[in-house]
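Structure first, commentary second.
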2 protein chains.
Amino acid sequence: MAEPEARLAELDAVFSALAHRARRQILMTLHFRGGSMAAGDIAGRFAHAWPTTTRHLKVLEEAGLVTVERKGLTRLYRLEPKNLEVVTGWMKWLKSAKG
Amino acid sequence: MAEPEARLAELDAVFSALAHRARRQILMTLHFRGGSMAAGDIAGRFAHAWPTTTRHLKVLEEAGLVTVERKGLTRLYRLEPKNLEVVTGWMKWLKSAKG
DNA sequence: ATCTCATTTAGCGACTTCGCTAATTAGCTG
DNA sequence: CAGCTAATTAGCGAAGTCGCTAAATGAGAT
């Protein structure tokens, strides 16, 4: 683990990313559609303007919750469930640890 | 469950509350010290000015993550683990549901 | 009633977030 | 290359967050 500050920063990034309803919904949408979708496909499912969704996607990407891959003209966003473990890990630890 | 909007609002409140490092730390501190502490006891463990911590406590309270009880001069904050289930529930559901 | 102690509320300034529209980048096709 | 399409970046304004200090509240003790 090392680098406690890096770990805290990661927690900050992940929890902040999850703090917005639209971003949680993006993750859910991705999951329900098999784990990966084109950016426009995602944007099309939201009432927000496309650039707004683009920015949400960037926040999720910076938190490590999704990854992007260029696929010709489109960009494929993929759910990265591994980094969600940061949250479950924190929750589990909070519940189990003894003082 | 009913009221989908109420449920979404609760998710918003809880995830937003967890999005700040100091607030996560307050929950951890509470847990490690047995689940309840006086406000001043909590504030004393943070570098922030006392009113700043008071506000964080209010955010946590509004999210249902802690409760307060007047105890003479002091106010006793108690961890409310039940409402943390909102998060674990969301996480679990996200991981297990099939599209 | 007054004083003190624990805590909150009020209010300010710096900064960030989140929505938008307009402009730009970059790949593909003719 | 010109033109279309997918998506991002730029930049703006409204609103929220988070730190602070100063003032107010409210309970207990003198």
Side-chain angles (χ1 to χ4, degrees), chain A residues 5 8-30 33 36-80, chain B residues 5 8-30 33 36-80:
Chain A
E5 175 53 33
L8 284 174
E10 192 182 30
L11 270 169
D12 276 348
V14 171
F15 272 112
S16 296
L18 292 177
H20 198 286
R21 185 183 296 198
R23 289 193 291 261
R24 291 195 303 275
Q25 206 167 339
I26 288 174
L27 295 180
M28 286 164 41
T29 304
L30 270 170
R33 302 278 309 246
S36 65
M37 286 171 80
D41 229 31
I42 298 170
R45 308 198 157 242
F46 286 83
H48 296 316
W50 192 326
T52 301
T53 299
T54 289
R55 185 157 46 188
H56 283 314
L57 284 168
K58 194 155 94 176
V59 172
L60 288 169
E61 194 195 347
E62 278 163 0
L65 294 172
V66 303
T67 50
V68 212
E69 183 194 354
R70 301 202 69 128
K71 207 76 179 178
L73 254 187
T74 78
R75 264 165 238 211
L76 206 62
Y77 281 85
R78 188 173 353 255
L79 191 57
E80 216 60 63
Chain B
E5 174 54 31
L8 284 174
E10 191 182 31
L11 270 169
D12 276 348
V14 171
F15 272 112
S16 296
L18 292 177
H20 197 286
R21 186 183 296 197
R23 288 192 291 261
R24 291 194 304 275
Q25 207 168 337
I26 288 174
L27 296 180
M28 286 164 40
T29 304
L30 270 170
R33 303 277 310 248
S36 66
M37 285 171 79
D41 229 31
I42 299 171
R45 310 199 155 241
F46 286 84
H48 296 317
W50 192 327
T52 301
T53 299
T54 288
R55 184 157 48 188
H56 283 314
L57 285 168
K58 194 155 94 176
V59 172
L60 289 169
E61 193 195 348
E62 278 163 358
L65 295 171
V66 303
T67 50
V68 213
E69 183 195 353
R70 300 201 72 127
K71 206 77 179 178
L73 254 187
T74 77
R75 264 165 238 212
L76 205 63
Y77 281 87
R78 188 175 352 256
L79 192 58
E80 217 58 62

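Naming convention: chains lettered A, B, ... in sequence-line order (proteins, then strands); numbering from 1 in each chain.
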Can you check the B:L76 CG to C:dT8 P distance for me, whole Å? 12 Å
Can you name the atoms? Protein N/O to nucleotides 19-21 of chain C N/O, anything below 3.5 Å, with the distance.
{"unit_1": "C:dG19", "atom_1": "OP1", "unit_2": "A:H20", "atom_2": "NE2", "d": "3.4"}
{"unit_1": "C:dG19", "atom_1": "OP1", "unit_2": "A:H48", "atom_2": "NE2", "d": "3.4"}
{"unit_1": "C:dG19", "atom_1": "OP2", "unit_2": "A:H56", "atom_2": "NE2", "d": "2.5"}
{"unit_1": "C:dG19", "atom_1": "N7", "unit_2": "A:R55", "atom_2": "NH2", "d": "2.5"}
{"unit_1": "C:dG19", "atom_1": "O6", "unit_2": "A:R55", "atom_2": "NH2", "d": "3.0"}
{"unit_1": "C:dC20", "atom_1": "OP1", "unit_2": "A:A49", "atom_2": "N", "d": "3.4"}
{"unit_1": "C:dC20", "atom_1": "OP2", "unit_2": "A:A49", "atom_2": "N", "d": "2.7"}
{"unit_1": "C:dC20", "atom_1": "OP2", "unit_2": "A:T52", "atom_2": "OG1", "d": "2.8"}

Within less than 4.0 Å of OP1 or OP2 of D:dT8, is there a side-chain N or O belonging to A:Y77? yes
Work out which heavy atom in B:A13 is nearest to a heavy atom in B:A63; give both atom names and the distance. O-CB, 3.6 Å
Value for CG (B:L76) from CE (B:M37), rounded to nearest 0.5 Å, stands at 9.5 Å
Taken to the nearest whole Å, CG/B:D41 to C1'/C:dT8 is 17 Å
Are B:T54 and C:dT7 close enough that a side-chain N or O sits under 4.0 Å from OP1 or OP2? no
To the nearest Å, how far apart are B:E69 CD and C:dT8 C1'? 18 Å
What's the separation between atom NE2 in A:H20 and atom CD1 in A:I26, rounded to the nearest 0.5 Å? 9.5 Å
Return the minimal non-hydrogen interatomic distance between A:V66 and A:L79, and the atom names on each side. CG1-CA, 4.4 Å
Any B:L27 side-chain heavy atom under 4.5 Å of B:L60 side chain: yes
Check ion pair A:R55-A:E62 (N to O, under 4.0 angstrom): no
With a 4.0 Å cut-off on heavy atoms, is B:R21 in touch with a base, just the backbone sugar-phosphate, or nothing at all? nothing
Every protein N/O within reach of nucleotides 1-3 of chain C N/O, cut-off under 3.5 Å:
none

For the backbone of A:A39 and the side chain of A:R75, can you confirm whether one donor and one acceptor N or O come within less than 3.5 Å of each other? no
Spacing between B:I42 atom CD1 and C:dA6 atom P, to the nearest angstrom: 15 Å
Tell me whether the side-chain N/O atoms of A:K58 come closer than 4.0 Å to OP1 or OP2 in D:dT9. yes
Please figure out whether A:V59 or B:V68 has its closest DNA chain C nucleotide nearer the 5' end. B:V68
Which value, rounded to the nearest 0.5 Å, describes the distance between B:M28 atom CE and B:L30 atom CG? 11.0 Å
Using a 4.0 Å heavy-atom cut-off across all strands, classify B:F46 as base, sugar-phosphate, or nothing. nothing
Which letter, B, S or -, goes with each nucleotide of nucleotides 25-30 of chain D from 5' to 3', with contact meaning a protein heavy atom under 4.0 Å? -BBS--
NE2 (A:H48) and CD (A:Q25) are apart, to the nearest 0.5 Å, by 8.0 Å
When all nucleic acid strands are considered with a 4.0 Å heavy-atom cut-off, which category describes A:T74: base, sugar-phosphate, or nothing? sugar-phosphate
When you measure from the side chain of A:R23 to the backbone of A:L18, do you find a donor-acceptor pair of N or O atoms at a distance under 3.5 Å? no
Can you tell me how far apart NZ (B:K71) and OH (B:Y77) are? Round to the nearest 0.5 Å. 15.0 Å
In whole angstroms, how far is the P atom of C:dT17 from the CG atom of A:L57? 16 Å
Would you mind reading off the distance between A:D12 atom CG and C:dT17 atom P, rounded to a whole angstrom? 11 Å
B:F15 has an atom CZ; how far is it from atom C1' of C:dT17, in whole Å? 19 Å
Measure the NE2-OG1 distance between A:H56 and A:T52 for me, rounded to the nearest 0.5 Å. 6.5 Å
